[in-house]
Structures are given as C-alpha cells and as structure tokens.
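Atoms within a ligand are numbered from 1 in the order they appear, just like the ligands themselves. These numbers come from the heavy atoms of this one structure, side chains and all, not from hydrogens, waters or symmetry mates.
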Amino acid sequence: MTTIRIEPTDALILVDVQVDFCPGGALAVPEGDQVVPVLNRLSPHFATVAATSDQHPANHCSFVAQGGLWPPHCVVGSPGADPHPDLDLSRVGVFIRKAFLPEVESFNNFAGEPDLAAYLRERGVRRIFVGGLATEYCVLNTVLGGLEQGFAAVAVTDAMRAVDVQPGDGDRALEQMRAAGAVLADSSEIVG
Ligand code: VGL
Ligand code: ZN
C-alpha cells in the first residue's frame, strides 16, 4: 500500500461517465454508476479536471446496423449522451468529444476534440489520474494515449468498471495499462 499525493501538476480525467454507459442505458456497463461517488470524492482535490465523452452520429460505424459491435449509444444530442446526472462537473475545465464522425471509431480521448494533450500542457499538467467507463475500451485507450503523449498516468482502479464481454477483459486491460507504464491505485491510496 503506497500513498500518492495529488500535486498541482496533476489532472483528473473523467472518461465517458455517460447515461448510456450506466445501468438502464443503451450500452450499460455493470455497476457503471458506482464510479460516480469515487470520482466526485477525488475531483475537489485537482487543479485540473477534464470530462470526456462518446458523441456518435446516429449512423456511426460502431453500431450493429452498420456492421459494428454495439447497439446505438451516446448518440449526439440524445439524453443517453449526457453525463451521469450525479457526476460533479463543477471543476471541469474542458469537455472532450470523440468518435463523432460516422466512419471513425475511437476509444482514445487524446484523439478527440478539442485537443486534450494541448489543454493539459497549457495548464502545466504532467500526470493524469484516470477513471470512468469502460475499463477495457475508453479508459484503457485514454491511459495509453496519455502515456504516448508523455504524461505520467495513474489508473484509479475503483473509479472504473469493465464491460467484460469476455470474462477477465477488465483485468487484462489493467495489466496492459501497468505494462505500458501506468501506476494502478485504489482511490483510498490517493490523498489530496
Ligand atoms: C465505449 C464501447 C463503445 C467506452 C465506447 O466509452 O468505453 N465502449 N463505445
Ligand atoms: Zn461508442
């Protein structure tokens, strides 16, 4: 058990905590809403907070009707694309949207708009803390994207949930994050 102290050069990234990824939503992640209180407890301690989102057009290539894997979800302008109503957005300085073109799928919020890495650098951020939905898709690829951009990364394990299409997908994603250089930490190890 190590303690990680939140520094002024740290940022919290709230990944895709959207209505459609929570219980009752179109692509519900089991226990997806349980990340909300964990993220809400962390966010007041961060000088920089970013929120990201899936914002798909109705004919997005990832949807079953277009040959993709997923039911329609997070359709731009629909209630399912909204952030979870209990998520504390009061400290969010930037909202990132991604996968908004019909032919482009993306799980990496560093490939969204506006440019997340540029925003973080402008604010002097050197390390990102990441939680949200879902562990093995957008959280994984956002952690890997942040590492590629040169940020240190902490994956907050109790602040994320997995879809687990195959049992163990979430755990394998955590191992991938660790192998790529991320620190895995429970929120109880993180102090403001
Ligand atoms: C996601 C599946 C499809 C995610 C997005 O945000 O993790 N997963 N689209
Ligand atoms: Zn999606």
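Side-chain atoms of D169 come within 3.5 Å of backbone atoms of Q166 as a donor-acceptor pair (strictly under, hydrogens ignored).
At least one N/O-N/O distance between H73 and ligand 1 falls below 3.5 Å. Residue E105 has no nitrogen or oxygen atom sitting less than 3.5 Å from a nitrogen or oxygen atom of ligand 1, judged on distance alone. The shortest N or O to N or O distance between Y137 and ligand 1 is not under 3.5 Å. Of the N or O atoms in L27, none lie within a sub-3.5 Å distance of an N or O in ligand 1.
Atom numbering of ligand 1 starts at 1 in the shown order; those under 4.0 Å from a heavy atom of F107 are 2 (C), 3 (C), 5 (C), 9 (N). The L133 neighbourhood of ligand 1 comprises atoms 4 (C), 6 (O), 7 (O), with distances under 4.0 Å to a heavy atom of that residue. Near W70, the atoms of ligand 1 lying under 4.0 angstrom from a non-hydrogen atom of the residue are 2 (C), 3 (C). Each of the atoms 1 (C), 4 (C), 5 (C), 6 (O), 9 (N) of ligand 1 lies under 4.0 Å from some heavy atom of F21.
Between R178 and E175 there is a salt bridge, since a side-chain N of the basic residue sits under 4.0 Å from a carboxylate O of the acidic one. Between D10 and R126, none of the side-chain N atoms (NZ, or NE/NH1/NH2) sits under 4.0 Å from a carboxylate O, so this pair counts as no salt bridge.
The minimum heavy-atom distance linking H56 with S62 is given by the pair NE2-OG, 4.1 Å. Of all the heavy atoms in M160 and L174, the pair that sits closest is SD-CD2, 3.8 Å. For the pair C61 and E103, the tightest heavy-atom approach, listed with the atom from each and the gap, is SG-C, 3.6 Å.
For residues 133-154, there are no salt bridge (Lys or Arg N to Asp or Glu O under 4.0 Å) pairs, not counting sequence neighbours. Within the structure, ring-ring contact (aromatic ring centres under 6.0 Å, His included) pairs that include any residue of residues 11-40 comprise F21-H73 (at least two apart or interchain).
Of all protein heavy atoms, the one lying nearest to atom 5 (C) of ligand 1 is D54 OD2, 3.0 Å. Shortest contact from atom 7 (O) of ligand 1 to any protein heavy atom: A134 N, 2.9 Å. Of the protein's non-hydrogen atoms, the one nearest atom 4 (C) of ligand 1 is C138 SG, 3.0 Å.
Linking Ile, Leu, Val, Met, Phe, Trp and Tyr whenever their side-chain heavy atoms come within less than 4.5 Å leaves L87 and L116 in two separate clusters. Side-chain heavy atoms closer than 4.5 Å link hydrophobic residues (I, L, V, M, F, W, Y) into clusters, and following such links, even through other members, never connects V19 to V36.
With sequence neighbours excluded, the residues satisfying ring pair (Phe, Tyr, Trp, His ring centres under 6.0 Å) with F107 are Y137.
You'll find the side chain of K98 stays beyond 4.5 Å of the side chain of Q55, heavy atoms only.
Taking distances strictly below 2.8 Å, the protein N/O/S atoms close to the Zn ion (ligand 2) are D54 OD2, H56 NE2, H73 NE2.
No part of V139 comes within 4.0 Å of ligand 1, judged by heavy-atom distances.
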